[in-house]
Amino acid sequence: MEKFEYLSIRYDGKGLLEILDQRKLPDVEEWLVSAKPEDMIGYIKQLSVRGAPLIGVAACVALFLYVNNEESARAQCLTEEEVTVVATKLRDARPTAVNLMNNLDEMLQLTVKPTADFSAANLGRIARAIIDREVDMCARISVAGAELLSDGDNVLTHCNTGAIATPGMGTALGIIREAWRQGKKIHVYVDETRPLLQGGRLTTYELAREKIPHTLICDNMAATLMAQGKIQRVLVGADRIACNGDFANKIGTYSVAVLAHYHGVPFHGVAPWSTVDLLCPSGKDIPIEERQASEVQGVSGAFGNVRWAPANTPTFNPAFDVTPVELVTSHILDTGIYTQQQLKDSILTKHK
Ligand SMILES: CSC[C@@H](O)[C@@H](O)C(=O)COP(=O)(O)O
């Protein structure tokens, strides 16, 4: 595979794969080496690599690199079984974002089984095609969604859906970037996104780099802003969209959707088609990751580890929640903007 470099993942074309440690942002920009699949699995679990499209891409490149190294060492191709064992471990690194599963299934060439080719050269080609497609989908999403934004709009976003969460320009944040690039005078309210502060640390970092006007708020402030008429639209990402249009995204998204519904503010789920799970009928079928207590008992990161709750305080820490489709004004995908019925129809067409 040839050399590539994006904001949060890079490969030197000679075997060095690195990811930007998103736990340490915004103040520390540190690159971590992923020499073997176990490294990447650890980085995905600890959220050094995060964001549905990015973990999908990172896992594919890690799989390619493993096969490439083994193939060189043994001077022969790996078997399908050997590649599948490693792909399965990567697939299990996080349970909710379906991009990980969709992309690895593509690497395993499940749909072209009789002619599958597990050489490093072929896996490198597939991984490269997946990356190019993700970059392209981000660009298309951004253009499609930017049409909805007008001068003077205040947009609320949750978590981080930008260029560090994808190999492209981002999804929900990509729309914001594109609208700004088009000269629209918009302003962004950024939910801080407890417990891991993806909004407070990462979305603010990206918006500041792009010089897009923004204001950071705590998650519990969105209701007040909506009641004051200060939010015109909500744009959020997705980790898995079910066939009926329900979708999982960062914990807290559902609360924002309920608030938006109550206040009559348009609410959009934004994602590439690689986030649609054609095998998942509805939101109740989406597996939700639960994470460790320490994330809720305090905070940790480059700024240190701080616990404010008494040690061993019982916690509940689901990393994602499911927003029912009834609360979604429309989904913005790389192929356009979809009402609930249009999305269902498109998914049905893909099933045929
Ligand atoms: C373009 S990223 C879309 C989603 O993956 C994003 O909104 C999100 O929920 C990320 O969660 P994270 O736990 O930080 O990986």
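What you see below is based on every heavy atom in this structure, not just the backbone, and it leaves out hydrogens, waters and symmetry mates.
In terms of heavy atoms, I288 sits closest to T96 at CA-OG1, 3.5 Å. Taking every heavy atom of both residues into account, V265 and I231 meet most closely at CG2-O, 3.6 Å. Across all non-hydrogen atoms, the minimal contact from V234 to A260 is CG2-CB, 4.2 Å. In terms of heavy-atom proximity, A271 sits nearest to L333 at O-CD2, 3.0 Å. When every heavy atom of G199 is checked against every heavy atom of T193, the shortest pair comes out as N-OG1, 3.5 Å. Pairing each heavy atom of P324 with each of Y254, the nearest pair is CD-CE1, 3.6 Å.
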Worksheet item: Run the side-chain hydrogen bond (donor to acceptor under 3.5 Å, both in side chains) check on Q46 and S48 step by step: do they pass?
Response: CA-CA 6 Å; Q46 72 189 23; S48 292; 2.8 Å; yes

Discussion item. Let's go through K14 and D12 carefully: what are the C-alpha distance in whole Å and the side-chain angles of both, what is the deciding distance for salt bridge (charged side-chain N to carboxylate O under 4.0 Å, His left out) to 0.1 Å, and is it a yes or a no?
Written reply: CA-CA 5 Å; K14 298 180 211 141; D12 75 347; 5.1 Å; no

Worksheet item: Passes salt bridge (charged side-chain N to carboxylate O under 4.0 Å, His left out), R291 versus E289? Steps please.
Response: CA-CA 6 Å; R291 297 184 62 84; E289 173 184 7; 2.6 Å; yes

Fill in: Check against side-chain contact (heavy atoms from CB on, under 4.5 Å), L149 and I175
CA-CA 9 Å; L149 302 187; I175 292 175; 4.1 Å; yes

Fill in: Criterion salt bridge (charged side-chain N to carboxylate O under 4.0 Å, His left out) on R91 and D105, from CA distance to verdict
CA-CA 9 Å; R91 196 188 162 98; D105 284 353; 2.5 Å; yes

Practice prompt. Apply salt bridge (charged side-chain N to carboxylate O under 4.0 Å, His left out) to the pair E206 and R209, showing each step before the final yes or no.
Written response: CA-CA 5 Å; E206 289 200 48; R209 279 173 65 113; over 6 Å; no

Practice prompt. Evaluate the criterion side-chain contact (heavy atoms from CB on, under 4.5 Å) for residue pair F267 and T323; output intermediate values, then yes/no.
Written response: CA-CA 11 Å; F267 174 95; T323 298; 4.0 Å; yes

Fill in: Chi angles and distances behind the side-chain hydrogen bond (donor to acceptor under 3.5 Å, both in side chains) call for N69, S72
CA-CA 5 Å; N69 289 343; S72 306; 5.7 Å; no

Worksheet item: Under the side-chain hydrogen bond (donor to acceptor under 3.5 Å, both in side chains) criterion, do S119 and D117 qualify, and how do the steps go?
Response: CA-CA 6 Å; S119 66; D117 168 359; 2.9 Å; yes

Item to complete: Could you please spell out the steps behind the side-chain hydrogen bond (donor to acceptor under 3.5 Å, both in side chains) verdict for N317 and E290?
Response: CA-CA 6 Å; N317 187 14; E290 283 200 36; over 6 Å; no

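Residues L202 and L196 fall into different hydrophobic clusters, defined by Ile, Leu, Val, Met, Phe, Trp and Tyr side chains chained together at heavy-atom separations under 4.5 Å. By the rule that hydrophobic residues join a cluster once side-chain heavy atoms approach within less than 4.5 Å of another member, M226 and L327 end up as members of separate clusters. The cluster map of Ile, Leu, Val, Met, Phe, Trp and Tyr, joined by side-chain heavy atoms under 4.5 Å apart, puts V236 and V188 in different clusters. Placement of L100 and V67 within a single hydrophobic cluster is found when ILVMFWY residues are connected by side-chain heavy-atom separations under 4.5 Å, directly or transitively. Hydrophobic cluster membership differs between L279 and I347, with clusters built from Ile, Leu, Val, Met, Phe, Trp and Tyr side chains linked at under 4.5 angstrom.
Qualifying salt bridge (Lys or Arg N to Asp or Glu O under 4.0 Å) partners for D132, counting only residues two or more places apart in sequence or in other chains: R128. Partners of Y6 by ring-ring contact (aromatic ring centres under 6.0 Å, His included), not counting sequence neighbours, listed by chain and number: F4. Judged as a ring-ring contact (aromatic ring centres under 6.0 Å, His included), and not counting sequence neighbours, the contacts of Y189 are H187. Remark: H268 pairs with no residue by the ring-ring contact (aromatic ring centres under 6.0 Å, His included) rule, at least two apart or across chains.
Here the CD1-CG distance, from I217 to D191, works out to 4.5 Å after rounding to the nearest 0.5 Å. Separating the CD atom in E30 from the CD1 atom in I19 is a distance of 9.5 Å, to the nearest 0.5 Å. The line from OH of Y11 to CD1 of I131 is 10.5 Å long, rounded to the nearest 0.5 Å. Note that the OG1 atom of T215 and the NZ atom of K230 stand 10.0 Å from one another [nearest 0.5 Å]. In this structure, CG in N103 is found 11.0 Å from CG in L108, a value given to the nearest 0.5 Å. The OG atom of S346 sits 10.0 Å away from atom CD of Q341, with the distance rounded to the nearest 0.5 Å.
T253 places a side-chain heavy atom less than 4.5 Å from the side chain of F247. Taking the side chain as every heavy atom from C-beta outward, Y205 and E29 approach each other to under 4.5 Å. With contacts defined as side-chain heavy-atom distances shorter than 4.5 Å, the pair V49/S34 does not qualify. The closest side-chain heavy-atom distance from T335 to M137 is not below 4.5 Å. Taking the side chain as every heavy atom from C-beta outward, K344 and N244 approach each other to under 4.5 Å.
Among pairs with a residue in residues 76-89, those fulfilling salt bridge (charged side-chain N to carboxylate O under 4.0 Å, His left out) read R74-E82, E80-K113, at least two apart in sequence or across chains.
Salt bridge present: D277 and R240 bring a charged side-chain N and a carboxylate O closer than 4.0 Å.
Side chain of N102 to backbone of S274: a donor-acceptor contact under 3.5 angstrom is found. Remark: the backbone N or O of A242 is not paired with any side-chain donor or acceptor of D246 at under 3.5 angstrom.
Seen from the ring of F320, K250 counts as a face-on cation partner, given the 6.0 Å and 45° thresholds. Annotation: cation-pi geometry not satisfied between K185 and W180 (NZ/CZ under 6.0 angstrom from ring centroid, within 45° of ring axis).
Around the CG atom of N312, the shell of radius 6.0 Å holds no more than 12 heavy atoms that belong to other residues, nucleotides or ligands. Within a 6.0 Å radius of CD in E2, other residues, nucleotides and ligands contribute 12 heavy atoms or fewer. Counting heavy atoms of neighbouring residues, nucleotides and ligands inside a 6.0 Å radius, atom NZ of K184 exceeds 12 of them. Within 6.0 Å of the CZ atom in R177, the count of heavy atoms belonging to other residues, nucleotides or ligands exceeds 12.
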Which atom pairs, one a donor and one an acceptor, fall under 3.5 Å between side chains of residues 50-61 and the rest of the protein, sequence neighbours left out?
from : atom 1 : to   : atom 2 : distance (Å)
R50  : NH1    : Q22  : OE1    : 2.9
R50  : NH1    : N160 : OD1    : 3.2
R50  : NH2    : N160 : O      : 2.7

